[in-house]
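Because only heavy atoms are used, hydrogens play no part in the values below, and waters and symmetry mates are left out as well, while side chains stay in.
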Amino acid sequence: MSTANTSLCALILFTLTACGGGGSGETTQANVSNNTNSETSTETSSTDTSTNTNTDTNTDASTDTTTNEQAEDTATYQLTFTRTWEADSFATNFPANSHFSPLVGLTHNADGFIFKPDLPASAGMISMAETGSKSQLKDEISAIQNAGHSNYLIDESGVPNSAKSITFTFEASQQFPLLSVVSMVAPSPDWFIGLQGVPLFTDNQWLDSQTIQLKVYDAGSDSGSRFGSANQATSPAEPVMLLTSDPADSDFAAGVHRESGAYIGMIEIKRMQ
């Protein structure tokens, strides 16, 4: 090869080397790799965001659960029985020694009733309504408790002629949320006032307070028509019903004053905090 040709080849090789040959392909591939890593990082960030969202949701659910309060299993109540049975409002044959016998009752479930209108009275209820005695009725309540239908006995004094009211406390539970209490209207053949299965706990809430006007019941065991009538046993006995009498004998019709609609008394129930 001549010296001229050798110089020409050397010049060509130098020029190709200076232009970089095919190296630009690897650089582009490196850039693609860098872009791929960037997208992967973005996906990771998205995953973290999803995780945070789930954590927030779980926190809200926990808060809702802790704010859902449960009612207490038991409650204590104050009961005030006030008489409104007076000579000026119930004038017909009003007895000079009017009073209410000692109160007796219980808190119970749906199977623990001591009386129901339109059903015959028990022997204990008849004894209470005719004489004011509560011993036999207390025995019946004890049997109700032994059967698992009550856990609290109410055994209190009455309202004498010289008094206007009586106040006492009692307990109820979610298992035994109903209140029943009775007292004889005295003197009388077989008349009484009473609460029958008043609900104290409903819809997961305890009753705060309630005032109940009292009507007079006839126990159905004595046919006497006036407060001071002699004993006249009813045979067969009739069901318990609201008292309705002849206007000449007393002022009662369907348990209240036949003209004014006045009640013989009232019971106020208030939950103690």
Side-chain angles (χ1 to χ4, degrees), residues 77-85 90 98-145 149-150 152-160 165-168 170 172 176-200 207 210-222 227 234 237-245 250 252-257 262-269:
Y77 283 89
Q78 176 180 282
L79 185 152
T80 299
F81 169 38
T82 303
R83 62 174 287 167
T84 53
W85 179 34
F90 293 88
S98 64
H99 62 282
F100 292 91
S101 72
L103 276 74
V104 60
L106 71 168
T107 53
H108 57 93
N109 61 21
D111 296 315
F113 287 96
I114 52 177
F115 82 95
K116 286 185 178 183
D118 302 322
L119 293 179
S122 67
M125 280 294 301
I126 290 173
S127 176
M128 182 280 305
E130 290 187 357
T131 70
S133 172
K134 55 186 178 180
S135 60
Q136 194 168 355
L137 183 54
K138 284 170 61 177
D139 289 341
E140 293 178 357
I141 292 175
S142 179
I144 291 172
Q145 291 177 330
H149 302 311
S150 169
Y152 192 90
L153 168 68
I154 294 173
D155 184 7
E156 301 292 338
S157 61
V159 181
S165 65
I166 178 178
T167 298
F168 58 87
F170 68 92
F176 305 107
L178 306 177
L179 169 67
S180 293
V181 62
V182 293
S183 173
M184 176 190 180
V185 176
S188 73
D190 61 343
W191 304 343
F192 69 96
I193 55 92
L195 299 183
Q196 174 225 356
V198 175
L200 303 174
L207 175 73
Q210 186 173 4
T211 298
I212 304 168
Q213 302 292 341
L214 299 172
K215 297 182 178 182
V216 182
Y217 289 95
D218 185 332
S221 60
D222 192 300
F227 293 106
T234 303
E238 297 176 350
V240 174
M241 63 187 70
L242 291 173
L243 175 63
T244 296
S245 63
S250 80
F252 294 101
V256 300
H257 194 288
Y263 295 90
I264 198 171
M266 64 181 178
I267 283 180
E268 298 173 278
I269 306 168

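What you find for G220 and T234 is that their closest heavy atoms are O-CB, 3.7 Å.
Counting only N and O atoms by type, the side chains of E130 and S221 include a donor and acceptor under 3.5 Å apart. Residues S245 and S250 bring a donor and an acceptor atom of their side chains to less than 3.5 Å of each other. A donor atom on one side chain and an acceptor atom on the other are found under 3.5 Å apart for S122 and E140.
Atom CD1 of I267 and atom OG1 of T82 lie 9.0 Å apart (nearest 0.5 Å). Rounded to the nearest 0.5 Å, atoms CE (M125) and CG (D190) are 10.0 Å apart. One distance of note links CD of Q213 with OG1 of T84; it measures 7.0 Å at 0.5 Å rounding. Atom OG1 of T107 and atom CD of Q145 lie 8.0 Å apart (nearest 0.5 Å). A distance of 7.0 Å separates CD1 of I114 from NE2 of H108, quoted to the nearest 0.5 Å. Note: L103 CG to L79 CG = 7.5 Å, rounded to the nearest 0.5 Å.
In this structure, the side chain of S183 engages the main chain of S101 through a donor-acceptor pair within 3.5 Å. In this structure a side-chain-to-backbone donor-acceptor pair under 3.5 Å is present from K134 to E156. Without hydrogens or angle criteria, S127 side chain to A123 main chain gives no donor-acceptor distance under 3.5 Å. With S188 contributing its side chain and V185 its backbone, the two residues share a donor-acceptor pair below 3.5 Å.
Listed by first and then second residue, the salt bridge (charged side-chain N to carboxylate O under 4.0 Å, His left out) pairs that reach into residues 106-121 come to none, sequence neighbours excluded.
Listed by chain and number, the residues in a ring-ring contact (aromatic ring centres under 6.0 Å, His included) with H257 are F90 (sequence neighbours excluded). Residues passing the ring-ring contact (aromatic ring centres under 6.0 Å, His included) test with Y152: none are found, sequence neighbours excluded. Qualifying ring-ring contact (aromatic ring centres under 6.0 Å, His included) partners for F115, counting only residues two or more places apart in sequence or in other chains: F192, Y217. In this structure, Y263 has no ring-ring contact (aromatic ring centres under 6.0 Å, His included) partners at least two apart in sequence or on a different chain. Under the side-chain contact (heavy atoms from CB on, under 4.5 Å) criterion, I212 pairs with L195, V198, Q210, I269, sequence neighbours left out.
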List the steps, then state whether side-chain contact (heavy atoms from CB on, under 4.5 Å) holds for L106 with F113. CA-CA 9 Å; L106 71 168; F113 287 96; over 6 Å; no

With ring-ring contact (aromatic ring centres under 6.0 Å, His included) as the criterion, how do W85 and F252 come out once you've worked through the C-alpha distance, each side chain's angles and the decisive distance to 0.1 Å? CA-CA 12 Å; W85 179 34; F252 294 101; 7.5 Å; no

Intermediate values then yes/no, side-chain contact (heavy atoms from CB on, under 4.5 Å), V104 and K138: CA-CA 7 Å; V104 60; K138 284 170 61 177; 3.8 Å; yes

Let's go through L137 and V182 carefully: what are the C-alpha distance in whole Å and the side-chain angles of both, what is the deciding distance for side-chain contact (heavy atoms from CB on, under 4.5 Å) to 0.1 Å, and is it a yes or a no? CA-CA 10 Å; L137 183 54; V182 293; 3.7 Å; yes

Going through the distances and angles, do D218 and T244 end up as a side-chain contact (heavy atoms from CB on, under 4.5 Å)? CA-CA 8 Å; D218 185 332; T244 296; over 6 Å; no

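Side-chain contact between I193 and I264 is present, with at least one heavy-atom pair separated by less than 4.5 Å. Counting only heavy atoms from C-beta outward, the side chains of R83 and S98 approach each other to under 4.5 Å. Using a 4.5 Å heavy-atom cutoff, the side chains of M241 and P117 are not in contact.
A distance of 6.0 Å or more separates the ring centres of W191 and F100.
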